[in-house]
Amino acid sequence: MKANRVIGVDLGGTKILAGVIDADGTVLETVEHPTPTTSQGALLDGVVAAVRELPQEGVQAVGFGVPSRIDHRHGIALGSVNTPLRDVPFRDEMRERLGLPIGLENDGTCAAYAEYLHGAGRGTENFVMLTLGTGVGGGVVVDGELFRAWTELGHMVIVEDGEPCQGACSGRGHVEAYCSGSAVERLAQKVLGSAGTARELVAQHHPVLAEVGHHLGVTLGSLVNIFGAERVAIGGGFGVAAFDELVPAARRAVLTEALPPSGQDLQIECAELGTDAGLIGAGLIAFEAL
Ligand SMILES: [Zn+2]
């Protein structure tokens with residue numbers, strides 16, 4: 001029996017990861033392609049092609065985790081910092097092209113939901129996740145309910161009039177300008193020379209990563225003060241790779257910035273589902289679209 005399957009699609013700034021997922025969140029088969037970023041049309045064609053490449057048998061819905069602010073009522077992707085998406089009626093367009101019910105959510109929120117139900121957030125009531133990748137995303141669970149808003153946690157201001165943000169964001173001093181994998185690539189070039197990479201900084205246990213960890217901790221402290229999270233998880237490609245290097249400085253900043261008792265008690269965990277978190281979360285969102 002092959003009923004009760006969905007397809008989840010994690011649309012990232014660098015790659016599209018799509019997979020068939022069953023009702024308990026198990027990933028059965030995946031495909032991966034680079035994200036076409038030349039135009040919005042190419043991007044939408046790319047996600048449709050990725051979905052169609054997977055076996056369709058028993059698939060009842062498709063869920064998308066999209067790096068965009070989402071208008072949940074109308075199913076619109078309002079705008080994305082690192083991909084060419086702007087004011088797209090994403091849900092209607094995908095429903096028409098794929099002929100299935102469509103779930104749509106911010107990519108970081110998808111990852112947080114997956115970690116909450118099946119990974120590092122299990123057993124909590126108030127949980128925050130930050131994903132450090134091309135950009136910085138994240139998601140929030142409050143009193144056991146997924147917080148479904150814009151949830152662009154990476155575009156929180158942590159340094160007033162600080163470093164310019166990246167992509168289509170005009171802001172300054174946002175988390176993404178300090179803690180994303182892309183930001184740390186730039187930092188690596190500054191510190192190690194033009195061939196420097198974030199990966200090399202991590203391999204060297206480079207002390208400059210403590211600065212990144214400090215920015216991360218300041219961010220977590222503010223999020224704890226708003227949401228009262230008892231646990232936070234750090235995910236995303238860079239976040240998982242650099243977790244051990246970032247956490248000591250992040251922990252010190254949390255102790256200063258977060259109000260008691262959360263600052264002392266906050267659990268900072270590495271994401272458990274790895275780079276599949278967004279994909280699994282998109283699948284969970286697809287089930288909710290049924
Ligand atoms: Zn920004």
Side-chain angles (χ1 to χ4, degrees), residues 10-15 35 37 40 43 64-72 76-88 90 104-112 128-140 147-190 198 208-209 211-227 229 232-240 242 246 249-250 253-254 257 271 277-278 281:
D10 181 16
L11 172 53
T14 309
K15 63 175 199 238
T35 304
T37 51
Q40 183 162 288
L43 183 70
F64 291 89
V66 176
S68 169
R69 282 96 63 206
I70 306 291
D71 172 345
H72 289 92
I76 293 171
L78 293 169
S80 176
V81 171
N82 294 304
T83 61
L85 280 176
R86 194 177 163 85
D87 292 328
V88 193
F90 200 94
L104 177 63
E105 197 30 275
N106 171 269
D107 60 342
T109 293
C110 286
V128 167
M129 177 163 180
L130 278 182
T131 57
L132 316 182
T134 310
V136 174
V140 177
F147 181 68
R148 301 189 73 171
W150 280 14
T151 328
E152 287 280 12
L153 304 184
H155 299 276
M156 245 171 50
V157 179
I158 53 170
V159 179
E160 187 179 351
D161 299 323
E163 293 289 324
C165 202
Q166 57 190 42
C169 180
S170 64
R172 301 186 77 100
H174 294 184
V175 181
E176 188 159 303
Y178 299 91
C179 298
S180 63
S182 319
V184 179
E185 290 288 335
R186 293 191 290 273
L187 182 65
Q189 287 166 11
K190 211 181 287 179
V208 79
L209 289 171
E211 292 174 24
V212 181
H214 178 77
H215 288 299
L216 178 65
V218 167
T219 307
L220 296 177
S222 292
L223 289 168
V224 164
N225 290 343
I226 298 167
F227 296 111
V232 299
I234 307 301
F238 171 71
V240 169
L246 302 180
V254 166
E257 305 302 340

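None of the values given here were measured: they were computed from a predicted structure. Counting convention: from 1, in listed order, for ligands and their atoms alike. In this chain, numbering begins with 1 at the start of the sequence shown.
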If you round to 10 degrees, what value do you get for the angle at the Zn ion (ligand 1) between C169 atom SG and C165 atom SG? 110°
Measure from the side-chain N and O atoms of R172 to the backbone N and O of G162, and report whether any donor-acceptor pair falls under 3.5 Å. yes
Determine which of the N, O or S atoms in H174 is closest to the Zn ion (ligand 1) and give its atom name. ND1
Should E163 and H215 be marked as a side-chain contact (heavy atoms from CB on, under 4.5 Å) after you check the CA-CA gap, both sets of side-chain angles, and the distance that decides it? CA-CA 12 Å; E163 293 289 324; H215 288 299; over 6 Å; no
CG of L220 to CG of L130, rounded to nearest 0.5 Å, is 5.5 Å
Would you say the side chain of V224 lies within less than 4.5 Å of the side chain of V128, judging by non-hydrogen atoms? no
Among the N, O or S atoms of H155, which one sits nearest to the Zn ion (ligand 1)? ND1
